[in-house]
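Just the heavy atoms: all of them, side chains too, but no hydrogens, waters or symmetry mates, feed the values below. We number each residue from 1, following the sequence as shown.
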Amino acid sequence: MTGLPIPRWLRAGKPGWTTSADVIVVGSGIAGLTCALRLRGQVDKVLLVTKTVLSAGSTEWAQGGIAAALDPEDSPEDHLHDTLVAGAGLCDEEAVRVLVTEGPQRVRELVDLGARFDRAPGGDILLTREGGHHRDRIAHAGGDATGAEISRALIEALDRVAQDPGIEVIEHALVVDLLQDESDRVCGVTLHVIGEGAQDGVGAAYGRAVVLATGGLGQIYASTTNPPVATGDGMAAALRAGARLTDLEFVQFHPTVMYLGDGAHGQQPLISEAVRGEGAVLVDDAGVRFMQGVHPMADLAPRDVVARAIVARMRDTGARHVWLDARHLGQEFLARRFPSIVARSRELGFDPATQLIPVAPAQHYASGGVWTDLNGRSTLDGLYACGETACTGVHGANRLASNSLLEGLVFADRIAEDIARRLAAGELPPSAPARRRGSEAVGLLDERLRGEVQRAMTDGSGPVRSAESTAHTQQVLGALLAHDELPAVTTGAWETSNLAHLGLALTAAAHAREETRGGHERADFPTQDDPHWLGHLSHVRAGGDLHLTYRPGKGFPR
């Protein structure tokens, strides 16, 4: 499948300054920080680039926790089983096995680094349960502030080495595009330091390897749990450079996001799955518990099952949302276990201890991304990806709750080891970027069109899709990108372009996949179709167009 034009470059000025390092790590969530810290002791210089400040990524917002088989009654095999079930047949079992076997040790190392998880009376890490897990294996901190605590520990560790000349941090820097040498090996990035220099000004950072850990693409939708910085910058830059992206259509919509009205947009308040793990239940306007009978785990079913059940109940009743009932858990317990959620809910006029909380699905996580092998290598030599930016095969069609932080830890560690090994072996020698060829397309979308991109994606490629809706979204995005006007070069224009490029790719895959699987429902193909669609869709940009290919089979396309 071809015919989706994507430019090679975003329009920008010529690099006005340069810097260099052995390795460039882009992103400061759990994946980026872990990778940078691991690399620091093994290479001479690491450059860590982050879009705002070190703590502003998605990790900071993670409420539920981090999943690992830490309980003696649990096992990696049990964790493996739950992950494979949640992934709806499309997880790569080898990648999941890496995750669940190496994960417990990575979590213990995080504790050694200074992360303070909540403890049981005997002193062991307190473990709880979330949707899709058959064991208590979720470690959390501060009740519902796990991401913030992990981010704090990693940043403090980074601060302890901040005076080390072997690591440099550039904050408020947006990566615009990837640089490649004559052999197409990735050898650096162009980036803009926001608020400094010319509006279209960029610099060039050169490195022997580049690690993309830029998070997800949540801002591609009108409502998301992702922070404002989640505009898919790393995924889009990799797409334009010719890296393979896989499973983009599998977007997870968290079932319990607080509903603030039809006019609400941008980042919305998440009500963690851990609240249902502690006994909260979903009810409709009539007070009926509707998850019983839908799935054996009822309210603790995997997220895709719960989200689709909510959408179905809303469709059947004409309601704009359903309700989460946590009142029976009691004020004291809720305040102790979920202090952040309770405080935020009360700010917005709801008290979980005495009131039902209105909830509806909203975009939460991108299960697909830049294809990688088990060491985080992409299809472009010198380019690595980890965290939500990557598609390791771990999540399949639907991420199991609290596996994301663990994936960031495990594969960031593997990337650091692989890069250090390759640098020592002389496999990634320094190289210079190739001259841009005059025939290479350059594009940019006006930042004022972001709302149109988000509306088209929400209406056509959201949790409920069809051939008609996805075709319309492709038409809208294609028309926006075909504009021949020259908008102002701004940070917002670069971000809006990234969202549109990824939106076009995601929607092409959503249109092609004629079944319901994982995080979405195809209204015109309401069942899972293993005979025809047990396989993976991948995108590669070549010859100026996006090429969409399908590889059948349960295994991940290695």
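- Taking the side chain as every heavy atom from C-beta outward, V98 and F411 approach each other to under 4.5 Å.
- The line from OH of Y550 to NE2 of H532 is 9.5 Å long, rounded to the nearest 0.5 Å.
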Exercise. Evaluate the criterion salt bridge (Lys or Arg N to Asp or Glu O under 4.0 Å) for residue pair R289 and D299; output intermediate values, then yes/no.
Key: CA-CA 9 Å; R289 288 186 62 183; D299 296 271; 2.7 Å; yes

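- Distance check: R448 CZ to T490 OG1 gives 9.5 Å after rounding to the nearest 0.5 Å.
- Applying side chain to side chain donor-acceptor pair (under 3.5 Å) to R517 and the options D530, T527, D529, D304 leaves one that passes, D530.
- No donor-acceptor pair under 3.5 Å is formed between the side chain of R313 and the backbone N or O of A309.
- Residues L409 and I30 are in side-chain contact: their nearest non-hydrogen atoms beyond the backbone lie under 4.5 Å apart.
- Checking H395 against Q252 by side-chain atom types alone, no donor-acceptor pair falls below 3.5 Å.
- With rounding to the nearest 0.5 angstrom, the CG atom of D446 is 10.0 Å from the CG atom of L480.
- Side chains of H511 and T470: a donor-acceptor N/O pair is present below 3.5 angstrom, by distance only.
- Side chains of V311 and F253 form no contact here, defined as non-hydrogen atoms less than 4.5 Å apart.
- To the nearest 0.5 angstrom, I220 atom CD1 is 13.0 Å from E495 atom CD.
- Across every non-hydrogen atom of V359 and T256, the tightest pair is CB-CA, 3.9 Å.
- R414 is listed as a side-chain neighbour of E102, based on a closest heavy-atom distance under 4.5 Å.
- Nearest heavy atoms, S378 versus V370: CB-CG1, 3.9 Å.
- Here the side chain of S345 pairs no donor or acceptor atom with the backbone of F350 at under 3.5 angstrom.
- Counting only N and O atoms by type, the side chains of D285 and T317 include no donor and acceptor under 3.5 Å apart.
- Ion pairing between E521 and R308 fails under the 4.0 Å rule for side-chain N and carboxylate O.
- Across all non-hydrogen atoms, the minimal contact from W494 to L444 is CD1-CD1, 3.6 Å.
- No more than 12 heavy-atom neighbours from other residues, nucleotides or ligands sit within 6.0 angstrom of CD on E94.
- How far CD of E130 is from NE2 of H140: 9.0 Å, rounded to the nearest 0.5 Å.
- In plain terms, the two heavy atoms of T516 and R522 that are nearest each other are OG1-N, 2.8 Å.
- Applying the 6.0 Å contact sphere to NE2 of H295 captures more than 12 heavy atoms from other residues, nucleotides or ligands.
- Closest heavy-atom contact between A401 and I138: O-CD1, 4.4 Å.
- Q268 contributes no side-chain N or O that, together with a main-chain N or O of T224, makes up a donor-acceptor pair within less than 3.5 Å.
- Side-chain contact between Y384 and T372 is absent, with no heavy atoms from C-beta onward closer than 4.5 Å.
- Checking W371 against D247 by side-chain atom types alone, no donor-acceptor pair falls below 3.5 Å.
- Taking each heavy atom of A241 and L178 in turn, the nearest pair found is CB-CD1, 3.9 Å.
- Side-chain contact of T214 with T389: a donor-acceptor pair under 3.5 Å is present, judged by distance alone.
- Salt-bridge annotation for D78 and R137: absent, with no side-chain N of the basic residue lying under 4.0 Å from a carboxylate O of the acidic one.
- Using a distance-only test at 3.5 Å, with no hydrogens or angles considered, no donor-acceptor pair links the side chain of E407 to the main chain of L99.
- Expressed to the nearest 0.5 Å, how far CG of D325 lies from CZ of R276 amounts to 13.0 Å.
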